[in-house]
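We count ligands from 1, going down the list as the structure has it; atoms in each ligand are counted the same way. Predicted, not measured: the structure shown is a model, and the values here were computed from it.
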Amino acid sequence: MTKEQIINFLRNHNQKHILDHYHRLSPEGKNNYLKEWAGLDLSLVFDLHKKYSSEKDFSRPFYEIYPAPIITIPETAREKAQSDEARILGESLIRKNQVAILIVAGGQGSRLGFEGPKGKFLISPVKKKSLFQLFAESVKALSQRYRSTIPLLIMTNQENQMETRQFFASHDFFNLKKETVFFFNQSMLPTLTPEGEFILREDWHLLLNPDGHGGSLKAFYESGLLKHLTDHGYSELFYCQVDNPLVKIADPVFIGYHRMEQAEISTKVVRRRDLKEKVGIYGLVNGKPTIVEYSDFRPEDYEALDENGDIRHWTGNTAIHMISLAFIQRLNQHGFALPYHRAVKELEGLGPDGRLAKITGWKFETFVFDSIPLARKSCCMEVSRDEEFSPVKNKLGNDSPDTARAAMNNLHRSWLQEAGIQPAPEAKVEISPLFAQDKEELIEKLKGKSLAINGDMYIGQ
Ligand code: UTP
């Protein structure tokens with residue numbers, strides 16, 4: 001939009017405080033002020049504001065949700081054989097350079113309260129590696145194992161992109177080939193007050209929020225990376241969040257099931273920890289696979305037990321997906337298909353007197369899992385929480401750095417025990433993905449070797 005168009009737009013949308021502020025700025029300030037506006041989708045946020053303000057109250061009808069078909073953790077010989085078949089298929093797709101990896105790292109990480117991109121957080125129990133380093137080393141290990149080129153895509157936002165790129169550059173891309181690592185930015189949207197006013201963050205900066213993890217599917221398309229990968233023969237994307245150090249990057253079994261089921265999107269779920277754990281649930285709504293947020297359940301449904309006394313809706317979302325590139329293309333074909341949600345948050349912005357104050361803001365975001373009901377076919381696989389899911393969300397308590405470090409330590413201890421090694425009870429252990437990506441590889445590498453672990457130990461290359 002041109003300067004005149006922006007000013008007219010603001011006038012027509014009752015943004016007097018913003019215009020008054022504009023008129024008080026120096027010519028340079030005015031310029032900077034308007035520059036920020038040019039790339040924003042202002043009409044979208046006003047349409048969304050209109051939609052959400054017309055809701056009489058904030059409550060929505062609750063969903064009727066039914067259990068969906070799930071590929072559970074294999075127990076019988078038949079299930080194990082199927083899982084092996086899936087693994088072989090998945091491995092062949094990685095070998096044929098059909099699988100790329102996307103880590104979404106554009107969130108604000110406000111609960112953790114860490115300064116800087118969350119991927120820089122030092123998480124591993126002994127070597128204190130960052131989340132980004134762990135993921136990069138897993139990708140490196142996979143590409144060596146399968147002799148393939150596995151592109152690593154990292155979605156950032158406008159505010160953390162520079163620091164993220166610099167972090168990779170200053171660590172020499174953790175020995176990945178630089179040309180196989182791609183960064184792209186998700187869109188930012190203005191946060192509004194409940195009355196529909198923009199909020200100033202600083203003299204000439206608006207308060208903006210990243211457009212949700214669902215924005216990855218739009219930004220991936222708009223950045224041209226989707227086309228680039230498709231043109232180079234890639235067909236599947238392994239999607240995960242930056243905050244889960246246990247994630248099995250590009251798990252071949254998962255990739256294999258995704259392909260065997262001809263799914264457009266697949267999801268890994270874990271059993272809910274307990275009735276109170278707040279997590280999205282994978283199930284059927286109107287006959288379609290869907291992830292329903294816990295807040296969209298009737299409380300009595302969320303806490304319901306089945307006839308065996310187990311949690312009825314046990315399928316907790318891990319936000320680990322396989323997504324077909326053709327599906328992402330389709331989601332963007334006629335404008336972006338995902339719906340925008342509103343989050344009401346207490347934020348800091350400039351009040352009418354120009355000082356920082358607590359302000360209620362409406363953030364508009366899309367969620368990646370909203371694409372599941374739009375898929376022609378989707379697939380869901382249960383995995384073990386202890387082996388694959390321990391997100392770093394909070395500073396303390398559940399889902400915190402402490403629980404994630406303990407989970408990594410416990411997992412690696414269990415691998416060592418299977419390899420016949422008993423670490424001292426108080427010893428912390430860490431196995432580099434470059435040494436072994438799984439229990440089987442560790443057992444193989446340690447065959448015939450004796451190892452005494454009496455204190456903290458890092459097992460690297
Ligand atoms: P969360 O929903 O946990 O949000 O994101 P967050 O921003 O990291 O943390 P809080 O809620 O402010 O404490 C889950 C994943 O989705 C990514 C995050 O980086 C994380 O990997 N994400 C979230 C984005 O990439 N963009 C967004 O707009 C939101």
Side-chain angles (χ1 to χ4, degrees), residues 40-41 44-45 48 101-121 123 130-132 134-135 152-161 163-165 167 182-191 207-220 222-223 225 237-247 249 267-268 277-280 291 293-295 316-321 323 336 338-348 361-371 389-401 403-404:
L40 296 173
D41 196 341
L44 172 68
V45 283
L48 290 168
I101 290 158
L102 167 61
I103 295 169
V104 288
Q108 293 172 309
S110 43
R111 283 170 288 171
L112 182 62
F114 171 65
E115 273 297 313
K118 215 189 230 186
K120 284 176 68 175
F121 192 85
I123 193 66
S130 64
L131 286 154
F132 279 142
L134 289 176
F135 302 140
L152 170 61
L153 284 66
I154 299 185
M155 185 180 76
T156 51
N157 70 42
Q158 193 177 291
E159 275 153 22
N160 67 16
Q161 60 154 335
E163 213 179 323
T164 305
R165 285 170 193 242
F167 188 65
F182 300 87
F183 299 92
F184 65 100
N185 268 352
Q186 66 182 115
S187 303
M188 304 292 282
L189 291 173
T191 310
L207 190 68
L208 304 176
N209 63 268
D211 63 350
H213 40 66
S216 60
L217 303 183
K218 176 167 169 273
F220 175 48
E222 287 175 351
S223 66
L225 278 170
L237 194 65
F238 175 89
Y239 168 107
C240 66
Q241 301 189 336
V242 75
D243 53 19
N244 178 15
L246 287 195
V247 65
I249 297 268
T267 305
K268 282 191 174 184
E277 187 188 12
K278 293 173 174 171
V279 62
I291 286 175
E293 289 201 272
Y294 68 90
S295 50
N317 180 23
T318 60
I320 301 168
H321 301 286
I323 315 178
F336 188 46
L338 298 193
Y340 285 82
H341 298 256
R342 172 195 53 188
V344 182
K345 300 261 170 173
E346 285 304 305
L347 305 159
E348 266 202 344
W362 285 11
K363 287 169 48 163
F364 299 109
E365 301 174 315
T366 57
F367 300 150
V368 80
F369 54 76
D370 276 335
S371 62
F389 187 59
S390 188
V392 180
K393 299 280 184 199
N394 307 312
K395 240 182 170 54
L396 295 168
N398 277 338
D399 298 339
S400 67
T403 56

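- The residue Glu365 has no part lying near ligand 1, judged by heavy-atom distances below 4.0 Å.
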Subject >> Chi angles and distances behind the side-chain contact (heavy atoms from CB on, under 4.5 Å) call for Trp362, Leu48 >> reply: CA-CA 10 Å; Trp362 285 11; Leu48 290 168; over 6 Å; no
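- Nearest protein heavy-atom neighbour of atom 23 (C) of ligand 1: Gly107 CA, 3.6 Å.
- Atoms of ligand 1 found under 4.0 Å from any heavy atom of Ser110 (numbered from 1 in listed order, with element): 9 (O), 10 (P), 12 (O), 13 (O).
- Close approach to Pro210 involves these atoms of ligand 1, each under 4.0 Å from a residue heavy atom: 28 (O).
- Regarding atom 21 (O) of ligand 1, its nearest protein heavy-atom neighbour is Val104 O, 2.8 Å.
- The option with the heavy atom closest to atom 2 (O) of ligand 1, from among Arg111, Gln186, Gln241, is Arg111.
- Under a 4.0 Å heavy-atom criterion, Gly212 is in contact with ligand 1.
- Residues Phe184 and Glu222 fail the side-chain proximity criterion, which asks for heavy atoms closer than 4.5 Å.
- Classification of the His213-Phe369 ring pair by plane angle, with boundaries at 30° and 60°, yields tilted.
- Under the rule for a ring-ring contact (aromatic ring centres under 6.0 Å, His included), Phe389 has no partner lying at least two apart in sequence or in another chain.
- Thr267 OG1 to His321 NE2: the interatomic distance, rounded to the nearest 0.5 Å, is 4.5 Å.
- Residues passing the salt bridge (charged side-chain N to carboxylate O under 4.0 Å, His left out) test with Glu348: none are found, sequence neighbours excluded.
- In terms of protein heavy atoms, atom 7 (O) of ligand 1 is closest to Gln108 N, 2.8 Å.
- Those atoms of ligand 1 with a heavy atom of Lys118 less than 4.0 angstrom away are 8 (O).
- Side chain of Ser400 to main chain of Asn394: no donor-acceptor pair is present (N/O by atom type, distance under 3.5 Å, no hydrogens or angles).
- No donor-acceptor pair closer than 3.5 Å links the side chain of Asn317 to the backbone N or O of Val279.
- Contact check for Asp41 versus Asp211: no side-chain heavy atoms found under the 4.5 Å cut-off.
- The protein atom (non-hydrogen) at minimum distance from atom 25 (O) of ligand 1 is Gly106 N, 2.7 Å.
- Atoms of ligand 1 found under 4.0 Å from any heavy atom of Lys393 (numbered from 1 in listed order, with element): 1 (P), 3 (O), 14 (C).
- Inclusion of Met155 in the set of residues having an N or O under 3.5 Å from an N or O of ligand 1 is not warranted.
- Looking at ligand 1, you'll find an N or O of Gly109 within less than 3.5 Å of one of its N or O atoms.
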